[in-house]
Amino acid sequence: QVQLVESGGGLVQAGGSLRLSCAASGRALSSYSVGWFRQAPGKEREFVAAIMWSGSRSYYADSAKGRFTISRDNAKRTVYLQMNSLLPEDTAVYYCAADDSNRLEVREVAYDRWGQGTQVTVSS
C-alpha cells in the first residue's frame with residue numbers, strides 16, 4: 001500500500017504560482033500512476049493532471065494546459081504540480097491520488113489511494 005500526503009498549498013494572488021507536492025510512503029511510488037484532482041466549494045471533484053509511473057507521459061485537463069505542469073521524482077517518492085498564472089477559479093482543495101494500473105486516468109474511480117488534500121486559494 002502507498003500513503004499520500006499533499007503539501008504546498010496556500011494563498012496567492014491571481015497571476016502567481018504555487019508548487020504542490022505529493023509525498024508517498026509505504027510501497028514505492030514508482031509502481032503507480034499519479035493524478036491530481038481538485039474540488040472547489042459547492043462543486044464536484046474534477047481531474048487536473050496525471051502522470052505515468054515512469055514519468056514518460058502526462059495528461060492535462062483543458063483548464064490546466066499551458067499553465068500547470070505535473071512531474072515526478074521517484075527517487076524522492078514525490079509527484080509535483082507546478083501551477084503558474086493562477087486564476088481565482090483555481091481556488092480549490094487539491095488532492096493527489098495513486099493508480100497501480102499505469103494508465104493516464106481521468107476517472108476518480110480508477111484511483112484507489114488518496115491524500116487528504118491541500119487548500120489553494122487564489123485572490124483576485
Side-chain angles (χ1 to χ4, degrees):
Q1 304 289 354
V2 65
Q3 292 79 44
L4 305 173
V5 178
E6 302 94 335
S7 62
L11 174 64
V12 63
Q13 288 188 332
S17 298
L18 283 174
R19 188 177 78 158
L20 306 184
S21 298
C22 173
S25 60
R27 187 179 173 187
L29 189 62
S30 57
S31 300
Y32 295 85
S33 294
V34 174
W36 282 97
F37 291 76
R38 66 186 183 185
Q39 187 167 22
K43 296 187 177 181
E44 294 186 351
R45 190 155 55 184
E46 64 177 5
F47 170 79
V48 176
I51 189 167
M52 294 180 72
W53 63 268
S54 65
S56 60
R57 291 180 61 199
S58 57
Y59 184 76
Y60 297 89
D62 287 344
S63 60
K65 288 178 182 176
R67 299 188 301 127
F68 294 2
T69 302
I70 189 171
S71 62
R72 66 191 298 160
D73 185 336
N74 286 336
K76 295 183 177 180
R77 297 190 172 200
T78 303
V79 173
Y80 304 97
L81 185 68
Q82 177 67 45
M83 305 187 296
N84 299 328
S85 302
L86 284 162
L87 304 169
E89 48 263 46
D90 293 318
T91 294
V93 177
Y94 284 71
Y95 300 89
C96 65
D99 165 26
D100 63 2
S101 71
N102 197 30
R103 293 192 296 260
L104 291 174
E105 284 282 358
V106 302
R107 302 171 300 146
E108 287 187 52
V109 295
Y111 295 86
D112 54 5
R113 294 288 180 267
W114 291 81
Q116 84 289 349
T118 186
Q119 176 71 47
V120 171
T121 303
V122 184
S123 63
S124 57

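Sequential numbering from 1 along the given sequence is applied to the chain's residues. Note that the coordinates shown come from a computational prediction; the quantities given were computed from them, not determined experimentally.
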same_hphob_cluster(Val106, Phe68) at 4.5 Å side-chain heavy-atom cutoff: no

Expected output: side-chain Ser33 to main-chain Arg103 donor-acceptor under 3.5 Å: yes

Sidechain-backbone polar pair: Arg67 side chain, Ser85 backbone, donor-acceptor under 3.5 Å: yes

Hphob cluster co-occupancy, Leu4 + Phe37, side-chain heavy atoms under 4.5 angstrom: no

Ser17 and Asn84 side chains, donor-acceptor separation under 3.5 Å: yes

Exam field: side chain Arg72 to backbone Met52, donor-acceptor pair closer than 3.5 Å: yes

Taking every non-hydrogen atom, the tightest pair across Gly8 and Leu18: O-CD2, 3.8 Å

Cation-aromatic face contact Arg107/Phe47, 6.0 Å, 45 degrees: no

Donor-acceptor contact present, side-chain Glu6 to main-chain Cys22, <3.5 Å: no

Minimum side-chain heavy-atom gap Val120-Met83 below 4.5 Å: yes

Short side-chain to backbone donor-acceptor contact, Gln39 and Glu46, under 3.5 Å: no

For the student: nearest non-hydrogen atoms of Val12 and Gly16, plus distance: CG2-CA, 3.8 Å

Expected output: side-chain Thr118 to main-chain Gly9 donor-acceptor under 3.5 Å: yes

Thr78 (side chain) donor-acceptor with Lys76 (main chain) under 3.5 angstrom: yes

Residue pair Val93, Arg38: steps toward the side chain to side chain contact (heavy atoms under 4.5 Å, CB included) verdict: CA-CA 5 Å; Val93 177; Arg38 66 186 183 185; over 6 Å; no

Straight-line distance of Ser58 OG to Leu104 CG, nearest 0.5 Å: 7.0 Å

Closest non-hydrogen atom pair, Tyr94 against Leu20: CB-CD1, 3.5 Å

Heavy-atom check, side chain of Tyr111 versus side chain of Glu105, under 4.5 Å: yes

Nearest heavy atoms of Ser124 and Ala14, plus distance in Å: CA-CB, 4.4 Å

Contacts of type side-chain contact (heavy atoms from CB on, under 4.5 Å), residue Ala49, not counting sequence neighbours: Tyr60, Ile70, Leu81

Cluster overlap Trp114 with Val2, hydrophobic side-chain contacts below 4.5 Å: no

Hydrophobic cluster identity match, Tyr95 and Val48, side-chain contacts under 4.5 Å: no

Donor-acceptor contact below 3.5 Å, side chain Ser54 vs main chain Ser56: yes

Stepwise side chain to side chain contact (heavy atoms under 4.5 Å, CB included) test for Ile51 and Arg57: CA-CA 6 Å; Ile51 189 167; Arg57 291 180 61 199; over 6 Å; no

Contacts of Ser71 that satisfy side-chain contact (heavy atoms from CB on, under 4.5 Å) - sequence neighbours left out: Tyr80

Distance, nearest 0.5 Å, that separates CZ of Arg19 from OG1 of Thr69: 11.5 Å

